[in-house]
Amino acid sequence: MGGTIPGSTGAPPFVVLGVSAGIAAYKAVDVCRRLVDAGIHVAPVLTERATHFVGKATFDALGSEPAQTTLWDEASPIPHTRLGQRADLIVVAPATADLLARYAGGFADDLLTATLVATAAPVVVCPAMHTEMWEHPAVQHNLAVLISRGVTVVAPEEGRLAGGDIGSGRLADPSVIVERVLGLLGGAPRGHHLGAGTAGGGRSTRDLAGIRVVVSAGGTREPIDPVRFLTNRSSGKQGHALAEAAARRGAAVVLVTTGKPAAGPGVVVEPVETAADMEAAMLSRAEGADVVIMAAAVADFRPKVVQGSKLHKADGVPDLILEPTPDILSELGRRRRQGQVLVGFAAETERVSERARAKLADKGVDLMVANDVSAPGVGFDHDTNEVTILGADGSVTDVPLRSKDAVADAILDRVCALLSAR
Ligand code: CTP
């Protein structure tokens, strides 16, 4: 593919790819290949224990230079400072619980941790571990320490883990990791190292520090009886990506969600089920918020009567009488406090911009994020999205197909612009 990095000129960006000792190390091979394909100079650094999971020779072959595994390479007596100084960015994938602890603690007893401690370049860590380890307070504390120092975290996903268990802790998809790296390099001219406290390309990734953000996500479930409900196809992924991106950028985030996936560090999750639950949570959380984002797919109708016990076939086909749910976003628009930024979503299948523009005006929001959910790779249950962000000020920002993390950052860029204008 041999692509270029947006905003880069001259020599390719120099990225150190750190690999620590987890089963997901095999996926780092794909990260390496994709970065090289994107025109990046990749210097792989494996911990010695990582070589139990994946061979050095593989990275020798796929990286831009031979992989390094030790501080004691006679050919290069000080590789830790050389690599750290030369790097435009360091990405660690997978980052094990042990690696995160040693990095957070400032340990420098192998080449990878020494390189991390000896750099002023932006650092991205991509944790991967078993759910119990991911949720352990020590791991979350170490992540919070790293985030407070400006390190970018690409949160793990929910899915199948080593040993067949299902849970959160699976390494983020290589395409998502690479997208994040390219995004961070995009505004960082080669040779310009961002110091601790900023980890983004050109803009501070802490540009939402001190801002209180409330995000809703997922499709609401409207019960018919104790075992059945009406719902929709929303996965909640875009809302979760928004919450995580806002937290990475320094915001204090509350995520009101019907979804199950683990939210990233720095996000307080308030689980809800129905439109009524979501309305109560959003109206109360929005009172103290600077930014409110309604990414949830709220059911428009709910059964008027909820049966207290299970309906049985023998009772015949039930007469399901529906009633409208409250329009939460419109109510948020009515109650909005001075200076608050309000963002809605419009998932459409036809006349997308026209309908979204009408909803923007009707609901009294600042930004309406419109997407055509009938397009390939867009909307419900995909890891990617393609949106147009319409502003009440008449602005139109097209965000082409990309990961939901990258779309989240594009939306937050618009939010930041509005906040700074108030
Ligand atoms: N929304 C809401 N409460 C509802 C319905 C929608 O807060 N009862 C919010 C959604 O979270 C979204 C925006 O309103 O941010 C637009 O939702 P959408 O389903 O696209 O529009 P509707 O208002 O349901 O209008 P329509 O049925 O005509 O598409």
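One-based numbering, in listed order, for ligands and for the atoms of each. Just so we're clear, the structure is a prediction, and the values are computed from it rather than from any experiment.
Residue-ligand proximity, L329 to ligand 1, at heavy-atom distances under 4.0 Å covers atoms 2 (C), 7 (O), 9 (C), 13 (C), 14 (O), 15 (O). Using a 4.0 Å cut-off to heavy atoms of M294, the atoms of ligand 1 that qualify are 7 (O), 11 (O), 12 (C), 15 (O). In the vicinity of P326, heavy-atom distances shorter than 4.0 Å reach the ligand 1 atoms 3 (N), 4 (C), 8 (N). Heavy-atom contacts of T325 reach the following atoms of ligand 1: 8 (N) (cutoff under 4.0 Å). If you number the atoms of ligand 1 from 1 as listed, the ones under 4.0 Å from a heavy atom of A296 come out as 10 (C), 11 (O).
Using modelled atom types, one finds no donor on one side chain facing an acceptor on the other under 3.5 Å when comparing S234 with N232. With hydrogens and angles left out, the side-chain atoms of D405 and S403 include no donor and acceptor closer than 3.5 Å. Between the side chains of T47 and D110, no donor-acceptor pair is found at a separation under 3.5 Å.
For ligand 1, the polar-atom distance check finds an N/O of K359 within less than 3.5 Å of one of the ligand's N/O atoms. Not a single N or O atom of M368, backbone or side chain, sits closer than 3.5 Å to an N or O atom of ligand 1. Residue V298 has no N or O atom closer than 3.5 Å to an N or O atom of ligand 1. Every N/O-N/O distance between G344 and ligand 1 stays at or above 3.5 Å. Considering both main-chain and side-chain atoms, A346 never comes within under 3.5 Å of ligand 1 through any nitrogen or oxygen pair.
At the shortest separation from atom 22 (P) of ligand 1 among protein heavy atoms lies K363 NZ, 3.8 Å. The protein atom (non-hydrogen) at minimum distance from atom 17 (O) of ligand 1 is F345 O, 3.6 Å. In terms of protein heavy atoms, atom 5 (C) of ligand 1 is closest to D300 OD1, 3.5 Å. For atom 3 (N) of ligand 1, the closest non-hydrogen atom of the protein is I328 N, 3.1 Å.
Heavy-atom separations between M282 and ligand 1 are all 4.0 Å or longer. The shell of residues lying under 4.0 angstrom from ligand 1, judged by heavy atoms, excludes S216.
Under a cutoff of 6.0 Å and an axis angle of 45°, R233 and F380 do not form a cation-pi pair.
Between the D372 side chain and the S374 main chain, a donor and an acceptor come within less than 3.5 Å of each other. In terms of modelled atom types and a separation under 3.5 Å, the side chain of R149 and the main chain of A104 share a donor-acceptor contact.
In this structure, atom 19 (O) of ligand 1 has no protein heavy-atom contact shorter than 4.0 Å.
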